[in-house]
Amino acid sequence: MATITIPGKTRKSITVELVGTEYKVRPPKASVAIFLSQALKDSGDDAKQLIEGLSKWCHVLFGKETGAEVVKRLKNPADDLDISDLTDLISAVMEDAGENPPT
């Protein structure tokens, strides 16, 4: 019987500057990105669901602690970080990782 080996693809951290702050992010694997992207699509005009979807992306990209800090920045009226910045980051990270960007 033949042995088949699928080595998988190693995901590496990427350094990003997000509205004046440097972070290390780790692109999610494609299967996770699909679920996260669908959560953003499903949010429609519901602000609460949109923030929840972006929070999940932040948790996956930045890790639990830093992801919470990024969400806090997003909610802070004095911080210039906005939703469009996060969606641009998500697309850029997924393109850099060689995956199709989420829509």
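Scope of the values below: all heavy atoms of this structure, side chains included, with no hydrogens, waters or symmetry mates.
- Contact detail for Gln49 and Ser43: the closest heavy-atom pair is OE1-CA, 3.5 Å.
- A donor-acceptor distance shorter than 3.5 angstrom exists from the side chain of Thr87 to the backbone of Ser84, with no hydrogens or angles considered.
- Counting heavy atoms from C-beta outward, Thr21 and Arg73 have side chains that approach closer than 4.5 Å.
- Cluster annotation: Ile34 and Leu50 are assigned to distinct hydrophobic clusters (Ile/Leu/Val/Met/Phe/Trp/Tyr, side-chain heavy-atom contacts under 4.5 Å, transitive).
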Run the numbers on Lys24 and Thr15 for side chain to side chain donor-acceptor pair (under 3.5 Å), then give the verdict. CA-CA 4 Å; Lys24 291 262 189 213; Thr15 301; 2.8 Å; yes
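- For the residue pair Pro27 and Leu61, the shortest heavy atom distance occurs at CA-CD2, 4.4 Å.
- Thr10 is linked by a side chain to side chain donor-acceptor pair (under 3.5 Å) to nothing, counting only residues two or more places apart in sequence or in another chain.
- If you chain together ILVMFWY residues whose side-chain heavy atoms come under 4.5 Å of each other, Val71 ends up in a group of its own.
- In this structure, Cys58 SG and Ile51 CD1 are separated by 9.0 Å, a value rounded to the nearest 0.5 Å.
- The closest donor-acceptor contact from the side chain of Asp46 to the backbone of Lys48 lies under 3.5 Å.
- Here the straight-line distance linking atom CG of Leu54 with atom NZ of Lys75 works out to 10.5 Å at 0.5 Å rounding.
- Put simply, the side chain of Leu74 does not reach to within 4.5 Å of the side chain of Asp79, judged on heavy atoms.
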Result block: side-chain N/O donor-acceptor pairs under 3.5 angstrom for residues 62-70, not counting sequence neighbours:
none

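- To the nearest 0.5 Å, atom CD1 of residue Ile4 and atom CD1 of residue Ile6 are 6.5 Å apart.
- Taking every heavy atom of both residues into account, Leu18 and Asp85 meet most closely at CD1-O, 4.0 Å.
- With contacts defined as side-chain heavy-atom distances shorter than 4.5 Å, the pair Lys56/Leu40 does not qualify.
- Under a hydrophobic-cluster definition in which Ile, Leu, Val, Met, Phe, Trp and Tyr are linked whenever side-chain heavy atoms come within less than 4.5 Å, directly or via other members, Phe35 and Met94 are assigned to different clusters.
- Rounded to the nearest 0.5 angstrom, Leu81 CG and Leu86 CG are separated by 5.0 Å.
- No side-chain heavy atom of Asp88 sits less than 4.5 Å from a side-chain heavy atom of Ile90.
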